[in-house]
Protein chains: 2
Amino acid sequence: MRRDVFQAIADPTRRAIIALIALQSMTPNAIAENFDASRQSISKHLRILTECELVGQEQQGREIFYSLKIEKMKEIDAWLEQYRKIWETRFDQLENVLSTIKKQTK
Amino acid sequence: MRRDVFQAIADPTRRAIIALIALQSMTPNAIAENFDASRQSISKHLRILTECELVGQEQQGREIFYSLKIEKMKEIDAWLEQYRKIWETRFDQLENVLSTIKKQTK
DNA sequence: TATATATGCAACTTTTTGGTTGCGCAAAAA
DNA sequence: TTTTTGCGCAACCAAAAAGTTGCATATATA
């Protein structure tokens, strides 16, 4: 079973869950209330998010609070980094072209 | 058919294609040579990447060159931005805690 | 203690996805 | 002009994923 961050964030419901628990941890029931989906369906998404270590659990009596493990999000950031470099370079090149044109028209 | 950037980058082969054409545009055959996968399989991935506008095509005779539309990658960056804020805040809070401890031990 | 609540897990169904095969078309080469 | 090459597209298949249903279990509550 492929279970990485990229696969985890591919699903829109999971991205919504991530957004929801980003600031405070929540129980599956509380999370499910925000969606049309059933509790079981949300539970399954939570399991996937847990398996790829994007969220963590904390048991409190019979309730389980899920929270975002923000550290894991940095993995996506790290992947993006190489492309960020490219678009910054391209922007610089555009800058150069523009300033050359400017000089010529002077 | 759901076709967004997040779904596009979920597949490892597609991420590899993105990395491959990030710097120079390539034909499907040339791309496929870098994988075990068949040309048709790669073609299908290219179609998905094209549909979500992550890559662009340019016909040159009977060859078609595919290139990365780096602008689209910024969409992922924009999505990450909100979480980047969170992890920076948490880091600041940690900093505060640490400096408080430091002061107390002085 | 009996009942209600919060949750996970396994089995099953449906949908989606990734891959292959075969075909057609247009451009280049022979 | 015939053949080869580069490619897309549609049809099919198998595997994976998403969702549903029906439990089982543990913790609260009456």
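Quick note on labels: first sequence line is chain A, next is B, and so on, each numbered from 1. The figures that follow rest on heavy atoms only: side chains count, while hydrogens, waters and symmetry mates do not.
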d([atom1], [X]; [atom2], [N]) in whole Å:
X: B:Ile64; N: D:dT5; atom1: CD1; atom2: P; value: 18 Å
X: A:Arg14; N: D:dA17; atom1: CZ; atom2: P; value: 9 Å
X: B:Phe6; N: C:dT16; atom1: CZ; atom2: C1'; value: 20 Å
X: A:Arg15; N: D:dA18; atom1: CZ; atom2: P; value: 12 Å
X: B:Ile42; N: D:dC9; atom1: CD1; atom2: C1'; value: 17 Å
X: A:Asp11; N: D:dA18; atom1: CG; atom2: P; value: 5 Å
X: A:Phe65; N: C:dG8; atom1: CZ; atom2: P; value: 12 Å
X: B:Ile17; N: C:dG18; atom1: CD1; atom2: C1'; value: 12 Å

Taking atom [atom1] of [X] and atom [atom2] of [Y], what is their separation to the nearest 0.5 Å?
X: A:Leu49; Y: A:Lys44; atom1: CG; atom2: NZ; result: 13.5 Å
X: A:Leu54; Y: A:Ile70; atom1: CG; atom2: CD1; result: 9.0 Å
X: B:Arg3; Y: B:Ile48; atom1: CZ; atom2: CD1; result: 4.5 Å
X: B:Ile31; Y: B:Thr13; atom1: CD1; atom2: OG1; result: 12.0 Å
X: A:Ile86; Y: A:Gln82; atom1: CD1; atom2: CD; result: 7.0 Å

Once salt bridge (Lys or Arg N to Asp or Glu O under 4.0 Å) is applied, what residue pairs with a partner in residues 16-36 of chain B remain, sequence neighbours excluded?
none

Look at [X] and [N] and indicate whether a side-chain polar atom (N or O) is within less than 4.0 Å of OP1 or OP2.
X: B:Gln7; N: C:dT17; answer: yes
X: A:Ser43; N: C:dT7; answer: no
X: B:His45; N: C:dG19; answer: yes

Can you give the donor-acceptor pairs under 3.5 Å from side chains of residues 15-26 of chain B to other protein atoms, not counting sequence neighbours?
residue : atom : partner : partner atom : Å
B:Arg15 : NH1  : B:Ile9  : O            : 2.7
B:Arg15 : NH1  : B:Ala10 : O            : 3.2

The correct set of residues in residues 19-33 of chain B placing a heavy atom under 4.0 Å from DNA chain C is none

N/O donor to acceptor pairs below 3.5 angstrom from side-chain atoms of residues 58-66 of chain A, sequence neighbours left out:
residue : atom : partner : partner atom : Å
A:Gln59 : NE2  : A:Gly61 : O            : 3.2
A:Tyr66 : OH   : A:Gln57 : NE2          : 2.9

Please report the closest heavy-atom contact between B:Arg14 and B:Gln7, naming both atoms and the distance.
NH2-O, 3.3 Å

Nearest heavy-atom pair of B:His45 and B:Asp11: which atoms, and what distance?
CE1-OD2, 3.5 Å

The criterion is side chain to side chain contact (heavy atoms under 4.5 Å, CB included); which residues satisfy it with B:Ser38, sequence neighbours excluded?
B:Gln40, B:Ser41

Looking at the side chain of A:Arg3, which of D:dG19, D:dC9, D:dA17 is the nearest nucleotide?
D:dA17

Within the 4.0 Å limit for protein heavy atoms, which parts of nucleotides 20-30 of chain C are touched? Write it as a string from 5' to 3', B for base, S for sugar-phosphate only, - for none.
BBB----BS--

side-chain hydrogen bond (donor to acceptor under 3.5 Å, both in side chains) contacts touching residues 71-81 of chain B (sequence neighbours left out):
A:Arg84-B:Asp77, B:Glu71-B:Lys74, B:Lys72-B:Glu75, B:Asp77-B:Arg84, B:Glu81-B:Arg84

Rounded (10°) bend between the five-pair end axes of the helix from C:dT1-D:dA30 to C:dA30-D:dT1
10°

